[in-house]
2 protein chains.
Amino acid sequence: MTARDRHRRMSTITDVAREAGVSVATVSRALRGLDRVSPTTRERVLKVATELDYVASPTATSLASGRNQVVGVVAPFLTRWFFATLVSAIEKTLRQHGHHVLLFDLEDDSFDRRLPLSQNMLWKRVDGVITLNLPMTEDELTLIDRLGLPLVAIGTPVPDRPNVRIDDALAMRVATEHLVSLGHERIAYVGAVPSNVAHIQTPQARLDAFHDVMREHGLAEHDQWILGSDWTADSAAADTHTLLASADRPTAIAAASDEMAIGAMAAARAQGLRIPQDLSVVGIDDHALSNVLGLTTVRQDVAAQGREAAEILLRSLGVDDVADGTATEVVVPTELVVRRSTAAPHRPLPAD
Amino acid sequence: MTARDRHRRMSTITDVAREAGVSVATVSRALRGLDRVSPTTRERVLKVATELDYVASPTATSLASGRNQVVGVVAPFLTRWFFATLVSAIEKTLRQHGHHVLLFDLEDDSFDRRLPLSQNMLWKRVDGVITLNLPMTEDELTLIDRLGLPLVAIGTPVPDRPNVRIDDALAMRVATEHLVSLGHERIAYVGAVPSNVAHIQTPQARLDAFHDVMREHGLAEHDQWILGSDWTADSAAADTHTLLASADRPTAIAAASDEMAIGAMAAARAQGLRIPQDLSVVGIDDHALSNVLGLTTVRQDVAAQGREAAEILLRSLGVDDVADGTATEVVVPTELVVRRSTAAPHRPLPAD
DNA sequence: CTGAAAGCGCTTACAG
DNA sequence: CTGAAAGCGCTTACAG
């Protein structure tokens, strides 16, 4: 028997029971801190467990108790800042309470399609699930229901389930009002998504808010100033390029996300326009690069949303060391952060 | 019994055995496609299993077989582009082969510290692990070894384990040579990390390569032109700001990552410098925003590295539908992508 | 406060 | 080709 072989065998509950001179049932109780165990017994068991490097097999525990201590986190993409930030915050919060994250990235080949959630992914694997901006299909809702899994939705709500999000309409309203208050009247929008793209709903609320603000101020809208986009910087840049090539162009752009705003700024600069003198740009998010790029934006605290959702889920799992709370709908506040990408529109006055 | 209750109970192997009129052993064999099952029996079992929506309980399977079909993916951060891209690619590759990812983000409060990998995270939870740019401690290596887990390292190698990475020295060499070939002689570097930050090793190889190229071309280096940084755009911008405020400043900056390069560009622009006329900047990565920002960079295919690592791990787990291969050291190629952030240095000639 | 025993739902030799 | 039975390592009533 080599040293490596010897090390291979991890100790089981039976080992510590034998070594401590008690039954496995007692070991189980002692280690889990249940009542009905005498202090001396508990102490002895704890000591032996430590000596033997004992850690309960999660798979055996799971079979017997039905709990895995893992929660499924489901995202439509992972490579974008918003989602990665969310996952990171969720993972940390869960881990602090002894839980782990099983990650599902549902991105498919085409941006307007996604993979479905299946029984294989969840059944007896996770104790609950957190969805990230993910409208669920009927089938998926039925599945989650049948599996009896608690669920918390971040962003796009899921019917009858706790939800954590920002007020999308308000965020875009603040962004647009900022532009208007600066004196802009010719404002374009980037981030309209075709309504057949069912798995992204946030866009609609933001676009609607933009329309509302424009209407309220009696500002004219131009169809060709409402730019679609797949919500990437690249596509926003391409769309903006076309927009700005026209003689009749806007003095400002409201983008539904910072990544798109960054694309729009870059496209403008590449065409020789100065920001903010020739074009103002505002976004929503406060992306990791927005500060450095001087982008004016409506900041949302993404990590806080991840933490909130994780805590709500932990509570519904009955985890006891989680901060109290009963909230089932939390709307995280946003705030306008004015930087260097917005200013009053340049007016070709005589004195200019 | 309400509809919901009825749906709650998922069927077990016993249910399909009864329904199909065979033993559970036969069901197990039939469903896993083992030999020694008659075609008719197999067919019947399959049919019944489908009707009952049967999916084997992964936790029971795991207890009995020792396999979980899940691999642990361990990252020092998750919110940065490089890591999120890696995780996304790994997850997709694993899922195609019926495996899932349990995610661990080891980021701690301070950027030069990280959480340790523990027995709790891995023991009986994962069949293998993939590390992302993560030097392992002695204790962690011992743990992985004792647990008998296969491991594949992406980026920073782990002793005696398969490794997937780019050639860091070559990448920085190409970036620096590009600047030199353009005629730059005054070149600064961003991305030196204090050597006590043990969990980030890539930086050293890149910095060494930069020094080598400078020396080979007989170019002078200035201590104050080697900028530290925590590898974020913000810190790179702050450092660059100081650097450029000096009268004696470089004509080009080689950054060890695109995020830092973006920070450097932004800082320069904020000080009224034009890119590339007044300052050239080159990075390494080809970050999602680099194209739109016109950043010249040495591209690495991050997703490919994730896929390669996942496949190597799957092979070592004996998963049979993975493409053949025996590679244990794969170095993914990089390529220079010239965009708008680099040009020959501006020389104040008479004719200028 | 503690133990014996059943049970969680599979897989795996072992027989036949 | 198929079944009976042991075993994976816990948790949980049930007794005492």
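These numbers were taken from a predicted model, which means no experiment stands behind them. Lettering of chains follows the sequences in order, A, B, ..., and the numbering in each one begins at 1.
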Length of the [atom1]-[atom2] vector between [X] and [N], whole Å:
{"X": "B:Leu31", "N": "D:dC1", "atom1": "CG", "atom2": "C1'", "answer": "17 Å"}
{"X": "A:Arg29", "N": "C:dC1", "atom1": "CZ", "atom2": "P", "answer": "11 Å"}
{"X": "A:Leu34", "N": "D:dA13", "atom1": "CG", "atom2": "C1'", "answer": "13 Å"}
{"X": "B:Met10", "N": "C:dG9", "atom1": "CE", "atom2": "P", "answer": "12 Å"}

Distance only, no hydrogens: is a donor on one side chain within 3.5 Å (strictly under) of an acceptor on the other, for B:Ser38 and B:Thr41?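 B:Thr41 and B:Ser38 do have a side-chain donor-acceptor pair below 3.5 Å.
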Taking both distances under 3.5 Å as the test for a Watson-Crick or G-U pair, what stems of at least three pairs does DNA chain D have?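 Result, WC/G-U stems under 3.5 Å: C:1-3 with D:14-16, C:5-12 with D:5-12, C:14-16 with D:1-3.
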Between atom CG of A:Leu31 and atom CD1 of A:Ile13, what is the distance when rounded to the nearest 0.5 Å?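 It is 7.0 Å, given to the nearest 0.5 Å.
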Kindly determine whether A:Arg42 and A:Leu46 satisfy side chain to side chain contact (heavy atoms under 4.5 Å, CB included), including the steps that lead there. CA-CA 6 Å; A:Arg42 186 188 305 279; A:Leu46 250 26; 4.1 Å; yes
B:Arg80 to B:Phe83, cation-pi by 6.0 Å centre distance and 45° axis angle: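 Verdict for B:Phe83: no cation-pi partner in B:Arg80.
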NA contact type, B:Thr41, heavy-atom cut-off 4.0 Å: base, sugar-phosphate, or nothing?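 Sugar-phosphate only.
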Give the intermediate values and the outcome of side chain to side chain contact (heavy atoms under 4.5 Å, CB included) for residues B:Arg125 and A:Val70. CA-CA 10 Å; B:Arg125 289 213 119 100; A:Val70 359; 4.2 Å; yes
With a 4.0 Å cutoff (strictly under), does any side-chain N or O of [X] reach OP1 or OP2 of [N]?
{"X": "B:Thr26", "N": "D:dG3", "result": "yes"}
{"X": "B:Arg32", "N": "C:dT12", "result": "yes"}
{"X": "A:Ser65", "N": "D:dT11", "result": "no"}

